[in-house]
Asks: 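Got a structure for you, written out below as structure tokens; questions coming shortly.
Note that the structure is predicted; figures quoted are calculated from it, not measured.
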Amino acid sequence: SPEYNEVIGGVKNSSHIKGKAVDIAAPDSISKFAIVEAALHFGIQRIGVGSNFIHIDIDDHDKTPKVIWTY
């Protein structure tokens, strides 16, 4: 929700609020690689890599496609 997004310090235009993003727990490098590999296989073009999670979103009509970033 927008309220929860604000509490956790999320960005104003978060793809999570639109229902177009998810964060997936990934405690180690092997898990991170498997998630990123699957996301790319299924055409996901926006991926964020955090210390213990992978963010994937499909908001590439409103945001820049084909990007990977770190937190």
Side-chain angles (χ1 to χ4, degrees):
S1 70
E3 295 79 19
Y4 181 71
N5 187 61
E6 187 174 329
V7 168
I8 63 167
V11 297
K12 184 177 181 180
N13 192 26
S14 172
S15 298
H16 290 280
I17 296 172
K18 301 174 188 178
K20 294 184 175 185
V22 64
D23 293 334
I24 303 169
D28 56 52
S29 297
I30 294 170
S31 299
K32 286 182 182 79
F33 183 87
I35 294 165
V36 169
E37 183 176 47
L40 292 170
H41 174 78
F42 287 105
I44 306 236
Q45 297 183 355
R46 294 182 44 81
I47 300 169
V49 180
S51 61
N52 61 353
F53 70 96
I54 299 293
H55 166 98
I56 60 173
D57 79 52
I58 57 169
D59 202 3
D60 52 348
H61 294 291
D62 294 332
K63 297 183 178 180
T64 306
K66 297 185 179 181
V67 293
I68 295 179
W69 64 91
T70 59
Y71 292 92

Asks: Hey, can you tell me if W69 and H55 have their rings parallel, tilted or perpendicular (30° and 60° cut-offs)?
Replies: tilted

Asks: Report the distance from atom CG of D59 to atom OG1 of T64, rounding to the nearest 0.5 Å.
Replies: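 One gets 10.5 Å once the value is rounded to the nearest 0.5 Å.
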
Asks: Would the distance check show the side chain of K32 and the main-chain N or O of S51 forming a donor-acceptor pair, the cut-off being under 3.5 Å?
Replies: yes

Asks: If we only count heavy atoms from C-beta on, is the I47 to L40 side-chain gap below 4.5 Å?
Replies: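 When only atoms from C-beta onward are counted, L40 and I47 do touch, with a gap below 4.5 Å.
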
Asks: Out of curiosity, does I58 fall in the hydrophobic cluster containing I17 (side-chain heavy atoms, cut-off under 4.5 Å, transitive links)?
Replies: no

Asks: Distance check, rounded to the nearest 0.5 Å: I44 atom CD1 versus I56 atom CD1?
Replies: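 Taking CD1 in I44 and CD1 in I56, the distance rounds to 4.0 Å.
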
Asks: Within this structure, what is the OH-CD1 distance for the pair Y71 and I54, rounded to the nearest 0.5 Å?
Replies: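 With rounding to 0.5 Å, OH (Y71) is 9.5 Å from CD1 (I54).
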
Asks: Applying the 4.5 Å side-chain criterion to the ILVMFWY set and letting contacts propagate, would V49 and V22 be lumped into a single cluster?
Replies: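 In one cluster with V49: V22, yes.
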
Asks: Rounded to the nearest 0.5 Å, how far does CG of D62 lie from NZ of K20?
Replies: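 Those atoms lie 5.0 Å apart.
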
Asks: Determine the minimum heavy-atom distance between A26 and I35, stating which atoms define it.
Replies: CB-CD1, 3.8 Å

Asks: Looking at I8, I'd like to know if its CD1 atom is crowded, meaning that more than 12 non-hydrogen atoms belonging to other residues, nucleotides or ligands lie closer than 6.0 Å.
Replies: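 Yes, the 6.0 Å shell around CD1 holds more than 12 heavy atoms from other groups.
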
Asks: Can you check whether A25's main-chain N or O pairs, donor with acceptor, with N52's side chain at less than 3.5 Å?
Replies: no

Asks: Side-chain heavy atoms under 4.5 angstrom apart, residues restricted to Ile, Leu, Val, Met, Phe, Trp, Tyr: same cluster for V67 and F53?
Replies: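 Yes.
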
Asks: Look at D57 together with K63 and state whether they make a salt bridge at an N to O cut-off of under 4.0 Å.
Replies: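 Here D57 does not pair with K63 in a salt bridge, since their nearest N and O are not under 4.0 Å apart.
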
Asks: Got a salt bridge between R46 and D60, using NZ or NE/NH1/NH2 to carboxylate O under 4.0 Å?
Replies: no

